[in-house]
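Written out below as structure tokens is the structure these notes cover.
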Protein chains: 2
Amino acid sequence: MDASPFINKPKTKKGRETLNRIVSAAAQVFYEKGYHSASINDITRLAGVASGTFYVYFDGKYNLYKFLLLQCSHMIRKHLYESTKNCKSRREIEEVGLREWLKFVDQNKYMYHVIWESLYIDKELFVEYYVNFAKNYIKGLDIAKKEGELNTEIDSEVLAFTLMGASNFLGLNYGLFKDGRYDHEMVVESFMKILNGGLFRVPEEKKEKETGELPIRLTVEFGDDEEED
Amino acid sequence: MDASPFINKPKTKKGRETLNRIVSAAAQVFYEKGYHSASINDITRLAGVASGTFYVYFDGKYNLYKFLLLQCSHMIRKHLYESTKNCKSRREIEEVGLREWLKFVDQNKYMYHVIWESLYIDKELFVEYYVNFAKNYIKGLDIAKKEGELNTEIDSEVLAFTLMGASNFLGLNYGLFKDGRYDHEMVVESFMKILNGGLFRVPEEKKEKETGELPIRLTVEFGDDEEED
DNA sequence: GCATAATATGAATATGTGTTCATTTTGAGA
DNA sequence: TCTCAAAATGAACACATATTCATATTATGC
């Protein structure tokens, strides 16, 4: 999809620079205050332009948001595509994908806010974003199934949302809550252990040990027993 | 935590009924329009009371939201606790937990909206909610580790956010996007296959097959070869 | 250096809505 | 029936802010 329906395209270098400043400022202000609490004045002030200038490039706040959401979508897809395109297996894609996603979130913390807030700005945008993202994810998973890399008994849609959810929440906790101050590699390693099937252990059956029958049972007679029942 | 700091407690049956109507209406309107677009008038109109009545029980819109968030938090924890308390293993907890969560989302679709929107109303509420939820989750995982049920090499925090993310996104897709019209049991089964380590298959090594050395190599001479290089 | 389109300005306007409060209604107990 | 605290009312107010527009400035091609 092209972004042009959402903006009035600048026609000179100066105009492009101004538009970029406005969009960058918007990302920052939306990140700090959220869409609704962010005023056009907040954005133009940070961008260093007059409030009227905003309306030279955007027909309104809502269009600015849609433009920004589209930018985010493009950036994420491009980053993930570029960093996984040389992977040799689905397993490697998942590993490299998570590592790069965590890195990406650290460097672009505002993206979460922009994307998730669509649910409260226009539900359709939100649904469209994730359904679309999942569709691509599923396509990749189905290819891996054909190659014999994945268990075909696992539904691809369930798997896609499971993996997307995991990445999203890990990025949330480590990138936003912990502000990127953590051991990325440890996270990736633990995550891959889960996917590689190392989650559950069969515990040594304690009940057998504690209350089960012993193989050999001896009863010693002391001869002076007095109480028994 | 007690909810009383956020409300002016009603003192009669009639007051309690009115407060319930307002909170229920708020959940519905927040679900439909989001916090910021939901006006007090929208809420009181749906509740069937005058706008001023709202301020008899709440000191403002923000307090209503905090009250509602706390209610959601309680309901979710209670539901999950009640439905998993008799589980015999961690594996069973995860299975029953997901099944019940999906059911719960179907019956209380507004919860997602209320909880996630906290990120745009008061970031601290959002962080507090999830950090707290994770803390409890981790506690349970650590117990399972002690029992020998889980791989101790997997970091509990990573695992907690992985599982929370998966449940959240599955609930999102099936409960909200698909509006609950799907086969719950299929989702749970696929999810458990992933957790049980059945995700990756070792593909028959195609490269060996296609380009590798054959065990026996025969070269047939036809005698009439003309081109070779 | 002139003409013209593109860009920039910011005060003024229009609109929506959170909140207040003086007043009225309700209902349980005496 | 009377009393009074609790509950309910809704018009009026205060405030924030998205947007407009007449005007000014800047840049580019001829």
Side-chain angles (χ1 to χ4, degrees), chain A residues 4 6-30 32-69 114 117 120-122, chain B residues 4-30 32-69 114 117-118 120-122:
Chain A
S4 32
F6 305 138
I7 57 167
N8 307 318
K9 261 191 179 162
K11 291 165 184 171
T12 69
K13 201 175 188 176
K14 197 184 182 211
R16 279 191 294 275
E17 166 66 12
T18 302
L19 185 132
N20 279 332
R21 292 185 62 78
I22 291 171
V23 173
S24 304
Q28 179 64 26
V29 178
F30 285 165
E32 284 170 8
K33 318 178 85 169
Y35 175 82
H36 289 99
S37 301
S39 73
I40 301 296
N41 260 320
D42 289 333
I43 294 168
T44 52
R45 195 185 317 126
L46 183 62
V49 298
S51 62
T53 306
F54 172 81
Y55 292 90
V56 172
Y57 300 102
F58 295 93
D59 287 339
K61 196 182 176 182
Y62 181 54
N63 274 331
L64 163 65
Y65 176 77
K66 284 201 287 192
F67 179 78
L68 196 56
L69 182 62
V114 171
E117 197 166 14
Y120 307 103
I121 296 165
D122 185 342
Chain B
S4 31
F6 305 137
I7 57 167
N8 307 317
K9 261 192 181 163
K11 290 165 185 170
T12 69
K13 200 175 188 178
K14 196 183 183 213
R16 280 191 294 277
E17 166 66 12
T18 301
L19 185 134
N20 279 333
R21 292 185 63 80
I22 291 171
V23 173
S24 304
Q28 179 64 25
V29 178
F30 285 165
E32 283 170 10
K33 317 179 87 169
Y35 175 82
H36 288 99
S37 300
S39 73
I40 301 296
N41 259 319
D42 290 333
I43 295 167
T44 51
R45 194 184 319 123
L46 183 61
V49 299
S51 61
T53 305
F54 172 80
Y55 292 90
V56 171
Y57 299 101
F58 295 93
D59 288 339
K61 196 181 177 184
Y62 181 54
N63 274 331
L64 163 65
Y65 176 76
K66 286 202 286 193
F67 180 77
L68 197 54
L69 182 63
V114 171
E117 196 164 15
S118 61
Y120 308 102
I121 296 166
D122 186 342

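These numbers were taken from a predicted model, which means no experiment stands behind them. To find a chain, count down the sequence lines: A is the first, B the second, and so on, and within it residues start at 1.
Between A:L46 and A:V29 the shortest heavy-atom distance is CD2-CG2, 3.8 Å. Looking at every heavy atom in both residues, B:F58 comes nearest to B:N8 through N-ND2, 3.9 Å.
Here D:dA14 presents its P atom at 21 Å from NZ of B:K61, a figure rounded to the nearest Å. The interatomic distance linking A:K13 (NZ) with C:dA6 (P) rounds to 19 Å, in whole Å. The separation between A:H36 atom NE2 and D:dA16 atom P is 18 Å, rounded to whole Å. A straight line from CD1 of A:I40 to C1' of C:dT13 spans 16 Å, rounded to a whole angstrom. Summarising the geometry, the separation between OH on A:Y55 and P on C:dT13 is reported as 17 Å, rounded to the nearest angstrom. The distance from atom NZ of B:K9 to atom C1' of D:dA5 is 19 Å, rounded to the nearest whole Å. Remark: P of D:dA7 and CZ of B:R21 are 16 Å apart, rounded to the nearest angstrom. Here C:dT19 presents its P atom at 18 Å from OH of B:Y57, a figure rounded to the nearest Å.
With distances taken from any side-chain atom of B:S51 to the nucleotides C:dG10, D:dG10, C:dG27, the minimum falls on D:dG10. Distances were taken from every side-chain heavy atom of A:K11 (C-beta onward) to each of D:dA7, D:dG10, C:dT7; the shortest belongs to C:dT7. When the nucleotides C:dT9, D:dA18, C:dG18 are ranked by their closest atom to the side chain of A:S39, D:dA18 comes out on top. Distances were taken from every side-chain heavy atom of B:K14 (C-beta onward) to each of D:dA18, D:dA8, C:dT7; the shortest belongs to D:dA8. In the set D:dA6, C:dG10, D:dT9, the nucleotide with an atom closest to the side chain of B:V56 is D:dT9.
When atom types are taken as modelled, the side chain of B:D42 and the backbone of B:S39 share a donor-acceptor pair closer than 3.5 angstrom. Within the 3.5 Å criterion, the main-chain N or O of A:A50 finds a donor-acceptor partner in the side chain of A:T53. In this structure, the side chain of B:Y35 does not engage the main chain of B:Y65 through any donor-acceptor pair within 3.5 Å.
Both B:F54 and A:A38 sit near DNA chain D, but only B:F54 has its closest nucleotide nearer the 5' end.
Contacts of A:T53 with the nucleic acid, taken as non-hydrogen atoms under 4.0 Å apart, include base atoms. In this structure, B:T12 reaches the sugar-phosphate backbone alone: every heavy-atom distance under 4.0 Å involves primed, P, OP1 or OP2 atoms, never a base.
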